[in-house]
Asker: 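The structure follows.
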Amino acid sequence: MDEMQFVVFRLGNEMYGAQIHNIQEIILPVKPTKVPNNPDFIEGVIDYRQEVVPVLDLKRRFRLGQSDYGREARFIVAEVGKKKVAFIVDEVTEVLRVDSSRISDPPEMTRINKDYITGVARLDSGLVILLDLSKVLTVTEQEVLEAL
């Protein structure tokens, strides 16, 4: 029995997960400072532990709408390439251990590019789309972030 551990979060009405080993911390959101001439899904930058970290709106990135900074919103701080990135999500719901036998391959038809999706966890409460946060950005977009 092989288990994997995920942070489960909500974007709109859908549940997503990311492997916990990619995540450094989950923090309350702060309003980022805007940086001109960036892709629209990059909200700006924040000061995170004496480091300037870009904030990326996953809902905008995946064309699922726009995140707000509501009461349940959180930043998930993760490593992308050589840089830390704060991903804004609508809510972090739980840290979950999932038996690998309950994880299926990514679906053929999704609204999100399959390159980002590592699989789908089948839970009693429903399906959780598993994302690889390190692959959410293209090489060009990673270069934009490294320039911030």
Side-chain angles (χ1 to χ4, degrees), residues 3-48 52-81 83-145 148:
E3 282 189 336
M4 300 174 82
Q5 197 170 10
F6 298 94
V7 171
V8 179
F9 54 91
R10 185 176 54 78
L11 297 175
N13 295 324
E14 303 300 325
M15 302 306 286
Y16 297 88
Q19 282 201 15
I20 201 156
H21 67 80
N22 292 335
I23 296 170
Q24 296 204 326
E25 191 172 9
I26 298 166
I27 60 174
L28 291 170
V30 294
K31 198 71 173 161
T33 302
K34 297 284 186 194
V35 178
N37 299 322
N38 277 317
D40 67 342
F41 59 86
I42 298 175
E43 292 280 301
V45 293
I46 60 170
D47 182 4
Y48 172 75
V52 175
V53 173
V55 175
L56 193 146
D57 184 339
L58 278 180
K59 281 174 78 174
R60 268 193 178 174
R61 178 67 179 108
F62 298 149
R63 296 184 185 98
L64 299 172
Q66 180 176 348
S67 292
D68 61 17
Y69 290 80
R71 222 170 46 113
E72 302 296 327
R74 295 292 182 269
F75 284 169
I76 296 176
V77 181
E79 288 277 338
V80 175
K83 190 146 179 92
K84 289 181 184 75
V85 176
F87 296 93
I88 185 168
V89 299
D90 292 333
E91 178 184 18
V92 172
T93 60
E94 62 187 317
V95 175
L96 187 65
R97 290 183 189 275
V98 179
D99 185 270
S100 58
S101 67
R102 298 189 68 145
I103 298 174
S104 300
D105 289 336
E108 288 300 315
M109 295 178 63
T110 63
R111 289 179 64 185
I112 298 174
N113 188 328
K114 272 186 26 181
D115 296 340
Y116 318 142
I117 300 174
T118 60
V120 177
R122 298 178 318 279
L123 308 177
D124 295 336
S125 59
L127 299 177
V128 175
I129 305 294
L130 304 175
L131 302 175
D132 183 343
L133 294 179
S134 68
K135 293 183 178 177
V136 166
L137 300 173
T138 65
V139 172
T140 305
E141 291 164 347
Q142 284 185 30
E143 289 169 357
V144 167
L145 289 183
L148 291 177

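Owing to the predicted nature of the structure, the values given are computational and were not obtained by experimental measurement. The analysis underlying the following values was restricted to heavy atoms, covering all of them including side chains, and did not include hydrogens, waters or symmetry mates.
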Asker: Atom CD1 of I117 and atom CG of D105: how far apart are they, to the nearest 0.5 Å?
Answerer: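 It comes to 11.5 Å.
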Asker: Kindly give the heavy-atom pair with the smallest separation between V52 and P54, and that separation in Å.
Answerer: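 Closest approach of V52 to P54, heavy atoms only: O-CD, 4.2 Å.
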Asker: Please step through side-chain contact (heavy atoms from CB on, under 4.5 Å) for the pair L58 and V89, ending with a clear verdict.
Answerer: CA-CA 7 Å; L58 278 180; V89 299; 4.0 Å; yes
Asker: Going from CE on M4 to CG on D99, what distance comes out if it is rounded to the nearest 0.5 angstrom?
Answerer: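 Atom-to-atom, M4:CE and D99:CG are 10.5 Å apart.
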Asker: Looking at V128, V98, T118, V120, which one forms a side chain to side chain contact (heavy atoms under 4.5 Å, CB included) with I103?
Answerer: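 The option that passes is V98.
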Asker: Any carboxylate oxygen within less than 4.0 angstrom of a Lys/Arg side-chain nitrogen, looking at K59 and D68?
Answerer: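 No salt bridge links K59 with D68.
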Asker: Taking the side chain as every heavy atom from C-beta outward, state whether D47 and V30 have any pair of such atoms under 4.5 Å apart.
Answerer: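 D47 does not reach V30 side chain to side chain.
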Asker: With side chains defined as the heavy atoms from C-beta onward, is the minimum distance between R74 and E91 less than 4.5 Å?
Answerer: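 SC-SC contact between R74 and E91 ruled out.
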Asker: Quick check: closest heavy atoms across F75 and L28, and the distance to 0.1 Å?
Answerer: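 In this case the closest contact between F75 and L28 is CD1-O, 4.3 Å.
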Asker: So which atom in A73 and which in P29 form the shortest heavy-atom distance, rounded to 0.1 Å?
Answerer: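 Nearest heavy atoms, A73 then P29: O-CD, 3.1 Å.
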Asker: For residues G12 and D90, report the shortest heavy-atom separation together with the two atoms involved.
Answerer: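 In terms of heavy atoms, the two residues are closest at N-OD2, 2.6 Å.
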Asker: Donor-acceptor pair, distance only, cut-off 3.5 Å: does the side chain of R60 make one with the backbone of D40?
Answerer: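 Side chain of R60 to backbone of D40: a pair is present.
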Asker: State, without any angle test, whether D57 and S67 hold a side-chain donor-acceptor pair at a distance under 3.5 Å.
Answerer: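 The criterion, which ignores hydrogens and geometry beyond distance, is satisfied for S67 and D57.
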Asker: Between V55 and P32, what is the shortest heavy-atom contact and its length?
Answerer: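 Shortest heavy-atom separation between V55 and P32 comes out as CG2-CB, 4.0 Å.
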Asker: Got a second to check how far F9's CZ is from E14's CD, nearest 0.5 Å?
Answerer: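 It is 12.0 Å, given to the nearest 0.5 Å.
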Asker: When rounded to the nearest 0.5 angstrom, what distance separates CD1 in I88 from CD in E43?
Answerer: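 Between I88 CD1 and E43 CD, I get 6.5 Å after rounding to 0.5 Å.
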Asker: To the closest 0.5 Å, what do you measure between OH (Y16) and CZ (F62)?
Answerer: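 Rounded to the nearest 0.5 Å, the OH-CZ separation comes to 7.5 Å.
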Asker: Test your reading of the model: is there a side-chain donor-acceptor pair from R102 to the backbone of R122, 3.5 Å cut-off?
Answerer: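 It does hold such a pair.
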Asker: Kindly indicate whether the side chain of I46, heavy atoms from C-beta on, has any atom under 4.5 Å from the side chain of T33.
Answerer: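 No, too far: nothing below the 4.5 Å cut-off.
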Asker: Say you draw a straight line from CD of E94 to CG of L123; how long is it, rounded to the nearest 0.5 Å?
Answerer: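 These two atoms lie 7.5 Å from each other.
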Asker: For a quick test of reading the model, state the closest non-hydrogen atom pair linking V80 to F87 and the distance between them.
Answerer: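 Closest heavy-atom pair between V80 and F87: CG2-CZ, 3.7 Å.
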